[in-house]
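Per chain, numbering begins at 1; letters A, B, ... match sequence-line order.
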2 protein chains.
Amino acid sequence: MENLPEHFDSLFSVDCVIFGFDEGELKILLIERNEAPFNGWFALPGYFVEPIEAIETAAQRILFESTGLKGIFMEQFYTFGALGRHPQGRVITVAYYAMIRLIGNKEVAPLPTAHFAKRAVWMSIKDMPELAFDHSRIFRKSFEKIKNKISYQPIAFELLPEKFTLTQLQQLYEVVLNKKLDKRNFRKKMLAYDILKELDEKQKGVSYRAAKLYKFDKRKYAKNFQKELSFTR
Amino acid sequence: MENLPEHFDSLFSVDCVIFGFDEGELKILLIERNEAPFNGWFALPGYFVEPIEAIETAAQRILFESTGLKGIFMEQFYTFGALGRHPQGRVITVAYYAMIRLIGNKEVAPLPTAHFAKRAVWMSIKDMPELAFDHSRIFRKSFEKIKNKISYQPIAFELLPEKFTLTQLQQLYEVVLNKKLDKRNFRKKMLAYDILKELDEKQKGVSYRAAKLYKFDKRKYAKNFQKELSFTR
DNA sequence: AATATAAGGTGTATTTTTTACACTAAGCAA
DNA sequence: TTGCTTAGTGTAAAAAATACACCTTATATT
């Protein structure tokens, strides 16, 4: 949410909660504002929707401006329209979450192009500061949603590299669900879903026994799933 | 979604999918338009959000104008903002679903106050015609959401009278999930959740053995539920 | 070459949950 | 009194979830 443009028919904006997973931590992309209001605060990437622009398109545009990436998994999750959520007038924000493959891609999050941003950072959700506007609330809602969603839809794979180990996958579930999972049970259950393809390839560059790599297999998933994933333990 | 007002800063509207349950059927409240565009078509109750009005407030207002009721269970579920969804210009709609206790209350749905509506009707979801604008799509999305939600949150009770029988409750689950459930298993599971209060009272006015009445017990629910309901069979 | 280190990988027994399934009881109406 | 209609109930089998510990493998260190 930013300063209001000079002319507008509609005070909509889109804000994006962009998740990444790296070093065993769930992170989100924040920008540091260098403009009033909330100068110096961290905020979610977001901007006004153009008068002739679908919301979905605006969300993709903001994601591209923040990360340089296109074709990213993205989902609308809630619309915030309380009075007083923006100090300069009534603004309605449609919020999206998105998921980026960060592992082996630390350079994602270039200097943001938006004029009101000093820099962009990947912030671990453990270290989240209070955010500008009502963005802390937006973040919390997004986190609830993905926590729920990861338990029955294969969104975890959007955060992992194409080839990943079962340990990486488990760590991701653990950090999202905020709960320790049993290694043997996790693997048994995940493999039983029969949605992964085991590769003839191993992890590289580790100083211990290398783990097998797996891919998410969309075709198997489509075949096997009228049922849903379910992860709690 | 209606004709555009003369002046506006923002083209937001709110549309409501208002569910009711009666005669073993799930119904939604539709209005029949008597104005272009879509003159004569059925549509969801909805209207523009005032420039100084929270979205939530607008939703409650529309619900009140459509039903005469206040304090109804209501939840925002999606925002529709494609270009071209409204023939007269770009309109963004925040959609809500709401749930009304219809059983023993057939008079809910007075003549709607909105000028563009000829009449309001409770339409069984089995008989749904194609709706004006993109309202069919909005309805389908709302139905997906409540289907999902009823499986793990106690929203069914919002559609039943305060005192209900287990058979009514089961019928409601069956019609929402679109799936026949086993009577013994349903009762066993529902009672095991320990969220109902069994009353010393029976159904009246039926020409067969009267069933016991139950109430949803919010206090028990709050106590017992960090876990969630789960109904599939 | 031997050893230490760190994560990878695996199976079984127990408990809990889900499922399938059919008859008697109660109340009203004719 | 009989017939009709829905209410109400239990058990056994199958499936899913849980708890739990040790050997293997690759690399790094001495």
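Between A:Phe186 atom CZ and D:dA17 atom P the separation is 13 Å, expressed in whole Å. For the pair B:Lys180 NZ and C:dT19 P, the computed distance is 16 Å after rounding to whole Å. With rounding to whole Å, A:Lys189 atom NZ is found 17 Å from D:dA15 atom P. Atom pair B:Lys204:NZ and C:dG27:P shows a separation of 14 Å (rounding to whole Å applied).
Partner of B:His135 under the side chain to side chain contact (heavy atoms under 4.5 Å, CB included) criterion, chosen from B:Leu30, B:Thr93, B:Val17, B:Asp15: B:Asp15.
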With side chain to side chain donor-acceptor pair (under 3.5 Å) as the test, would you mind laying out the steps for A:Gln203 and A:Thr165 before giving the verdict? CA-CA 8 Å; A:Gln203 224 177 359; A:Thr165 69; 4.6 Å; no
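Ring-centre distance between A:Phe19 and A:Phe21: not below the 6.0 Å cut-off.
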Treat primed atoms plus P, OP1 and OP2 as sugar-phosphate and everything else as base, then score nucleotides 6-13 of chain C 5' to 3': B for base contact with protein heavy atoms under 4.0 Å, S for sugar-phosphate contact only, - for none. BSBBBBB-
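Evaluation of the salt bridge (charged side-chain N to carboxylate O under 4.0 Å, His left out) rule for A:Asp217 yields no partner, not counting sequence neighbours. Not counting sequence neighbours, A:Lys204 has no partner by the salt bridge (charged side-chain N to carboxylate O under 4.0 Å, His left out) test.
Ion pairing of B:Glu174 with B:Lys179 is absent here, as no side-chain N (NZ or NE/NH1/NH2) approaches a carboxylate O to less than 4.0 Å.
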